[in-house]
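Inspection log for the structure reproduced underneath, given as structure tokens.
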Amino acid sequence: MSDLILWTRQEEALAARLRAGETCRVRRAYVERKYGASGANFLTAYGFFAAEMARRIPPQPGEELPYWLHGTAAGTGLFAAAPLLRLRVPRGECLLFDARRWNRVLNLEYLGADAADERRFAAELARQGVPRAEAVFRLPFYPLLRREITASWALLFAGPPPAPAYLGAAVWRLDPAWLAPA
């Protein structure tokens, strides 16, 4: 398998540890502390993503949650303050996805197989009086709709990888051997 050039922004302390030769891993407690109750949507989506990733690329001991990588430097947020890291990552270490569809998962939306499926689900929400898909996660009245939405998220990983501008990738760790010159 070939390597992919991917980009990420990480806090200075983590970037320094990586440059010093340390392999870095995300701790679940850190993410929960960072996002807390205000990040319920993110934690729901991230939990789904981590479980799917574990099914596809089993984590090693100590690998709890994935890091986010991007197909372009611009995808990391050009004006972000955190250091930009260029990585050469073995393809087999990455779970690739379309960042546009990931944004829909973050908004707890339904991912349809096609336009007709999207319309069908929107009609079902309207029939049940649900203003938008995200509401089924806040209210206890829609367990079947919630299950249908979360099942649809598996489509995040379907199809060929998108163009680099929309390419998202996740890895269980950041390995110092992956650092590549910018």
Notebook entry, point to check: Does anything in residues 3-29 pair up under ring-ring contact (aromatic ring centres under 6.0 Å, His included), and if so which pairs, sequence neighbours excluded?
Noted result: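 The answer is none; no pair qualifies.
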Next item on the list: Provide the full list of ring-ring contact (aromatic ring centres under 6.0 Å, His included) pairs with a residue in residues 147-182, sequence neighbours left out, each pair given once.
Entry: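 Applying ring-ring contact (aromatic ring centres under 6.0 Å, His included) to every pair that reaches into residues 147-182, excluding sequence neighbours, yields F48-W153, F49-F157, F137-W153.
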Within-4.5 Å side-chain heavy-atom neighbours: [X] and [Y]:
{"X": "T23", "Y": "P176", "result": "yes"}
{"X": "L156", "Y": "L111", "result": "yes"}
{"X": "L108", "Y": "I149", "result": "no"}
{"X": "L174", "Y": "V171", "result": "yes"}

Item checked: E11 CD: over 12 foreign heavy atoms closer than 6.0 Å ->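 Counting neighbours around CD of E11, 12 or fewer heavy atoms of other residues, nucleotides or ligands fall under 6.0 Å, so no.
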Check: If you measure only the distance, is there a donor-acceptor pair under 3.5 Å linking the side chains of R132 and Y110?
Finding: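 On atom types as modelled, these side chains do not qualify, holding no pair under 3.5 Å.
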Notebook entry, point to check: In terms of side-chain geometry, is the basic nitrogen of E12 or R17 positioned less than 4.0 Å from the acidic oxygen of its partner?
Noted result: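 Between R17 and E12 there is no salt bridge, as every charged N stays at least 4.0 Å from the carboxylate O atoms.
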Note to self: Please determine whether a side-chain nitrogen of the Lys or Arg among E52 and R56 lies less than 4.0 Å from a carboxylate oxygen of the Asp or Glu.
What the structure shows: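 Result for this pair is yes, salt bridge flagged.
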Notebook entry, point to check: Looking at residues at least two apart in the chain, or sitting in another chain, which of them share a salt bridge (Lys or Arg N to Asp or Glu O under 4.0 Å) with E118?
Noted result: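 E118: salt bridge (Lys or Arg N to Asp or Glu O under 4.0 Å) contacts with R104.
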Check: Which residues satisfy the salt bridge (Lys or Arg N to Asp or Glu O under 4.0 Å) test with R147, sequence neighbours excluded?
Finding: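 By the salt bridge (Lys or Arg N to Asp or Glu O under 4.0 Å) rule, R147 matches no residue at all.
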What donor-acceptor contacts under 3.5 angstrom involve side-chain atoms of residues 71-81, with partners at least two apart or in another chain?
{"from": "T72", "atom 1": "OG1", "to": "G75", "atom 2": "N", "distance (Å)": "3.1"}
{"from": "T76", "atom 1": "OG1", "to": "R9", "atom 2": "NE", "distance (Å)": "3.0"}
{"from": "T76", "atom 1": "OG1", "to": "A73", "atom 2": "O", "distance (Å)": "2.6"}

Note to self: Evaluate R120 against E124 for salt bridge (charged side-chain N to carboxylate O under 4.0 Å, His left out), listing each step before the verdict.
What the structure shows: CA-CA 6 Å; R120 178 204 59 80; E124 182 59 23; over 6 Å; no
Note to self: I need the full list of salt bridge (Lys or Arg N to Asp or Glu O under 4.0 Å) pairs touching residues 161-174, with sequence neighbours left out, sorted by first then second residue.
What the structure shows: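 Checked against salt bridge (Lys or Arg N to Asp or Glu O under 4.0 Å) - neighbours excluded - the pairs reaching residues 161-174 are E63-R173, E93-R173.
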Next item on the list: Would you mind telling me which of L167, L6, L95, L96 makes a side chain to side chain contact (heavy atoms under 4.5 Å, CB included) with L69?
Entry: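 Option passing the side chain to side chain contact (heavy atoms under 4.5 Å, CB included) with L69: L6.
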